[in-house]
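What follows is a short report on a single structure.
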Amino acid sequence: MSTLKQLSANKCWGGTQFTYSHAASETACTMRFSVYLPPQAETAKVPVLYWLSGLTCTEENFTIKAGAQRMAAQLGLAIVAPDTSPRGLNIPGEADSFDFGLGAGFYVDATEVPWSQGYRMYSYVTQELPALINAHFPVDADRVALSGHSMGGHGALVCALRNPQQYRSVSAFAPLAAPTRCAWGRNAFSRYLGADESTWQRYDSTRLLVSHGWNGPAPLIDQGDQDPFLPMLQPQLLADAAAEAQVALTLRMQPGYDHSYFFVQSFIAEHLQFHAANLA
């Protein structure tokens, strides 16, 4: 188990907002993540929500902009927010564009050289980070949920659908619903995973809904109808896949909202309440 380094600790709504770093084996570099522990964690283990952020983000975006701590403190819910990609591998070209490489790990385990040497965010999020959190923090490993925004919404859905025994509930804000059928996803997957598109299906939530199903509470999806990225996000494909798989899905098109964290902070309390109810 890697050694944790505490980078910051701030009192917040009776709990504490932490930032840590550690040497990660899956990503072959030093990774950062934030942890909010509500006041209830001082006396007992608490349920935990993992939040996955979107393109260009780090662990700071959600921590600073979403305003989630107040409701998390009321609900007694811990929140863990990792970075979105490895940092410091210094792979040529990894900083050339916003939608690939740094800040754009897409929550896959890359199989193509040179990305396979550390771009393994799927295994980091589903295996290494939870093991670290469970070992060092007062969280209940049997009461775990997932949520995320944009690329992170894609990641949350994929991780939950592939690991239903690990997560009790899942939600997403403006998720990249069908990455195998949009330019962002196809560009990233072809470089991370190679030319064989059959290997991409394991990281597409619309495909996973049909092939794996979902027996948990209906995933909660919020999408702004004024989101400039709607043609990329394709939420209707997610609804269509859920209907085909006969899986309950709550897709709420929110009038007037865009893709920003103003949208996220407007509905984050409802998502936290959704998860807390299912983690009770």
Side-chain angles (χ1 to χ4, degrees), residues 1-6 8-22 24-26 31-53 59 62-63 66-83 107 121-149 152-153 155-173 214-220 250 268-280:
M1 189 67 66
S2 60
T3 302
L4 289 179
K5 180 180 179 180
Q6 183 178 301
S8 65
N10 301 95
K11 195 75 173 177
C12 186
W13 294 107
T16 306
Q17 180 65 62
F18 296 97
T19 303
Y20 288 89
S21 67
H22 73 112
S25 59
E26 290 290 354
M31 293 292 291
R32 291 167 56 112
F33 62 90
S34 73
V35 179
Y36 178 69
L37 292 181
Q40 295 86 341
E42 295 179 5
T43 57
K45 289 187 175 182
V46 295
V48 57
L49 171 72
Y50 286 82
W51 172 272
L52 306 183
S53 291
E59 78 289 342
F62 175 81
T63 304
Q69 293 91 342
R70 183 175 186 174
M71 181 56 69
Q74 293 179 25
L75 297 170
L77 182 65
I79 303 177
V80 177
D83 201 348
Y107 303 101
M121 289 301 295
Y122 172 79
S123 288
Y124 178 74
V125 165
T126 59
Q127 298 175 34
E128 184 172 5
L129 182 59
L132 191 72
I133 297 298
N134 294 341
H136 291 279
F137 298 93
V139 300
D140 186 341
D142 293 324
R143 293 191 291 163
V144 184
L146 263 175
S147 189
H149 175 228
L157 290 167
V158 166
C159 291
L161 291 170
R162 289 180 58 178
N163 301 276
Q165 75 290 345
Q166 190 169 336
Y167 305 103
R168 289 200 189 179
S169 56
V170 62
S171 72
F173 291 78
W214 174 254
N215 292 321
L220 173 60
T250 303
I268 189 63
E270 294 177 34
H271 282 246
L272 297 184
Q273 290 167 333
F274 164 77
H275 290 295
N278 288 301
L279 295 174

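The chain is numbered in sequence order, starting from 1. All values reported here derive from a predicted model rather than from experimental measurement.
- Looking at residues two or more places apart in sequence or on another chain, you find a side-chain hydrogen bond (donor to acceptor under 3.5 Å, both in side chains) between H275 and S169, S171.
- Of all heavy-atom pairs between C159 and Y167, the closest is O-CE1, 3.7 Å.
- Residues that satisfy the side-chain contact (heavy atoms from CB on, under 4.5 Å) test with P138, not counting sequence neighbours, are L37, A41.
- Side-chain contact between E59 and T19: present, with at least one pair of heavy atoms (C-beta onward) separated by less than 4.5 Å.
- In this structure, the side chains of S147 and L49 come closer than 4.5 Å at one or more pairs of heavy atoms.
- The two residues A141 and N134 come nearest to each other via the heavy atoms CB-ND2, 3.6 Å.
- Annotation: side-chain hydrogen bond (donor to acceptor under 3.5 Å, both in side chains) contacts involving residues 66-75, sequence neighbours excluded, comprise Q17-Q69.
- The shortest distance between side-chain heavy atoms of L146 and L157 does not fall below 4.5 Å.
- In this view, V48 and Y50, A78, V80, V139, V144 satisfy the side-chain contact (heavy atoms from CB on, under 4.5 Å) rule, not counting sequence neighbours.
- In terms of heavy atoms, Y36 sits closest to C12 at OH-O, 2.8 Å.
- For Q40, there are no side-chain hydrogen bond (donor to acceptor under 3.5 Å, both in side chains) partners two or more places apart in sequence or in a different chain.
- To the nearest 0.5 angstrom, E128 atom CD is 3.5 Å from S25 atom OG.
- Panel note: side chain D140, backbone D142; a donor-acceptor pair is recorded below 3.5 Å.
- Between S21 and R32, the shortest heavy-atom distance links the atoms CB-CG, 4.1 Å.
- When side chains are defined from C-beta on, Y122 counts as touching R162, because their heavy atoms get closer than 4.5 Å.
- In summary, the aromatic rings of F18 and Y20 are positioned with their centroids under 6.0 Å apart.
- Side chains of F62 and I268 form a contact here, defined as non-hydrogen atoms less than 4.5 Å apart.
- Looking at R168, its side chain never comes within 3.5 Å of a backbone N or O of P217 through a donor-acceptor pair.
- You'll find the side chain of Y107 reaches within 4.5 Å of the side chain of V125, heavy atoms only.
- Between F137 and F33, the ring planes are perpendicular. Angles over 60° get that label, and only those under 30° would be called parallel.
- Under the side-chain contact (heavy atoms from CB on, under 4.5 Å) criterion, Q273 pairs with M71, L75, E270, sequence neighbours left out.
- Relative ring orientation between H149 and F173 is described as perpendicular, the plane-to-plane angle rising above 60° on a 0-90° scale split at 30° and 60°.
- Side-chain atoms of W13 do not come within 3.5 Å of backbone N or O of T16 as any donor-acceptor pair.
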Note to self: Apply ring pair (Phe, Tyr, Trp, His ring centres under 6.0 Å) to residues Y124 and H22 and explain how you reach the verdict.
What the structure shows: CA-CA 12 Å; Y124 178 74; H22 73 112; 5.7 Å; yes
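- In this structure, M31 and M121 have side chains that are in contact, with non-hydrogen atoms separated by less than 4.5 Å.
- Contact record, L77 with P47: CD1-O, 3.6 Å, taken as the closest heavy-atom pair.
- The minimum heavy-atom distance between A72 and L272, with the atom names listed, is N-CD1, 3.9 Å.
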